Amino acid sequence: MGVEKMSVVTIERLVKKFKLKVLAGENELQRTVTKPKAHRPGLEFVGYFDFFPMERVQILGRTEITYLHTLSKSERKYRIGNIVKYHPPCFIVTAGQEGLEYLTRYCAEEGIPLLHTQERTSEFIAKLDAFMIKELAQEMCIHGVCVNVSGMGILLRGNSGVGKSETAHTLIRRGHRLIADDIVMLKKLSPQTLLGTHNESNKEFLALRSIGLLNVVRLYGRRAFQEETRIALDIELTNWRENSLYNELEVEPKFTEYMGVRIPHIEIQLQPGRDVAGLIEAAANNWYLRQQGYSPMEEFMSRLELDPN
């Protein structure tokens, strides 16, 4: 169905993203981070290394730096040496702290980037963790179209030429938003959360047969495009098959699985004159109501029970 790949983030990218000052290790900025969630090495400075996550970004906040300042020169060298020998990806000193000459020297000797920010520790960690979780999420690319309809992310899948992009164009004209056309990048943020986005090269572009490539932002304005969306529905567009649709009061729920995340699946068969975009809008709105605990079938059955005739 798609191709999975692993992601990494370079230290250089962190420097640019968060406008960090490089104090040491400027020639080592191509080192990579493969694990999200930053770590504050408090216990490690006092000698406890049983669960040291050395593959993570190490944050030195006011607590850690103040502790180091209180140590003697020999003790400080010993404590810092115990950590730098594990060669973590980098150290980031927060809260604009100064007096870091000794730390700069040790990191330069070991070739470990030492970075500096004026931001408060808790605020910086929150931003860094949010960025790293998204960037290092397990991801895969699939063939299809991703749109945001009424605030909900929807994957449109189907055979080539079935009309996915044309349907997306109709939805855009109705005020909904394009996320990605042809190639959709999926990121697993949690066991229940799947994010859909573009692959940069197809950002804002929609390809229509007989028309060509469209830039939806240039044509319809900024509201026609969205960078990413949480996937709520997986809709497969298929060719019409006679005698295969039934007027059931409640359709049996089906799911598609991406990287272990189950997404509700709906099949919509195509036929000339069928308002496919309208059906997708109805599916999105109906899914939203179900999430709020409303079932039209249950309400219908309760009305029948109350009807004396």
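Worth saying up front: this structure is predicted, and the values here are computed from it rather than measured. The figures that follow rest on heavy atoms only: side chains count, while hydrogens, waters and symmetry mates do not.
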State, with a plain yes or no, whether a side-chain heavy atom of [X] is found less than 4.5 Å away from one of [Y].
| X | Y | result |
| --- | --- | --- |
| Val84 | Phe91 | yes |
| Val261 | Thr193 | no |
| Lys187 | Gln138 | no |
| Lys37 | Leu128 | no |
| Ile280 | Ile266 | no |
| Leu171 | Glu281 | yes |
| Thr167 | Val147 | no |
| Tyr258 | Asp234 | yes |

Do you know which two heavy atoms are closest between [X] and [Y], and how far apart they sit?
| X | Y | answer |
| --- | --- | --- |
| Thr121 | Ala95 | OG1-CB, 4.4 Å |
| Asp275 | Arg174 | OD1-NH2, 3.0 Å |
| Asp181 | Asn202 | O-ND2, 3.0 Å |

Are [X] and [Y] within salt-bridge range, i.e. N to O under 4.0 Å?
| X | Y | answer |
| --- | --- | --- |
| Asp182 | Arg157 | no |
| Arg303 | Glu299 | yes |
| Glu64 | Arg40 | yes |
| Arg79 | Glu75 | yes |
| Glu12 | Arg31 | no |
| Arg222 | Glu204 | yes |

message = According to a hydrophobic-cluster definition based on side-chain heavy atoms being under 4.5 Å apart (Ile, Leu, Val, Met, Phe, Trp, Tyr only), do Leu68 and Phe49 belong together?
response = yes
Assign the ring pair [X] / [Y] to parallel, tilted or perpendicular, where the plane angle (0 to 90°) is split at 30° and 60°.
| X | Y | answer |
| --- | --- | --- |
| His69 | Tyr102 | perpendicular |
| Phe52 | His39 | tilted |
| Tyr67 | Phe45 | tilted |
| Phe51 | Tyr48 | tilted |

message = Just by distance, no angles: are the side chains of Gln269 and Thr238 close enough, under 3.5 Å, to form a donor-acceptor pair?
response =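 No, because no side-chain N or O of Gln269 sits under 3.5 Å from a partner of the opposite role on Thr238.
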task = Indicate whether any N or O donor in one side chain lies under 3.5 Å from an N or O acceptor in the other, for Ser160 and Arg209.
result =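 There is such a pair (donor and acceptor under 3.5 Å, judged by atom type) between the side chains of Ser160 and Arg209.
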Is the backbone of [Y] close enough, under 3.5 Å, to the side chain of [X] for a donor and an acceptor to pair up by distance?
| X | Y | value |
| --- | --- | --- |
| Thr229 | Gly196 | no |
| His116 | Gln97 | yes |
| Asn215 | Arg218 | yes |

task = Check the pair Glu236, Lys164 against salt bridge (charged side-chain N to carboxylate O under 4.0 Å, His left out), reporting the backbone distance first and the verdict last.
result = CA-CA 9 Å; Glu236 183 178 6; Lys164 300 182 294 295; over 6 Å; no
request  = Starting from the C-alpha separation in whole Å, work towards a yes-or-no answer on salt bridge (charged side-chain N to carboxylate O under 4.0 Å, His left out) for Glu110 and Lys85.
outcome  = CA-CA 8 Å; Glu110 294 293 333; Lys85 70 182 181 182; over 6 Å; no
request  = List the steps, then state whether side-chain contact (heavy atoms from CB on, under 4.5 Å) holds for Leu186 with Met259.
outcome  = CA-CA 9 Å; Leu186 299 178; Met259 297 177 290; 4.1 Å; yes
task = Go through the steps for Glu228 and Lys134 under the test salt bridge (charged side-chain N to carboxylate O under 4.0 Å, His left out), then give the verdict.
result = CA-CA 11 Å; Glu228 58 191 26; Lys134 186 178 294 185; 2.6 Å; yes
query = Just how far is it from atom CD1 of Ile92 to atom CD1 of Ile125, taken to the nearest 0.5 Å?
reply = 9.5 Å
inquiry  = As a test of understanding, state which of Val145, Leu279, Ile263, Ile154 forms a side chain to side chain contact (heavy atoms under 4.5 Å, CB included) with Ile235.
reply    =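 Of the listed residues Val145, Leu279, Ile263, Ile154, the side chain to side chain contact (heavy atoms under 4.5 Å, CB included) partner of Ile235 is Ile154.
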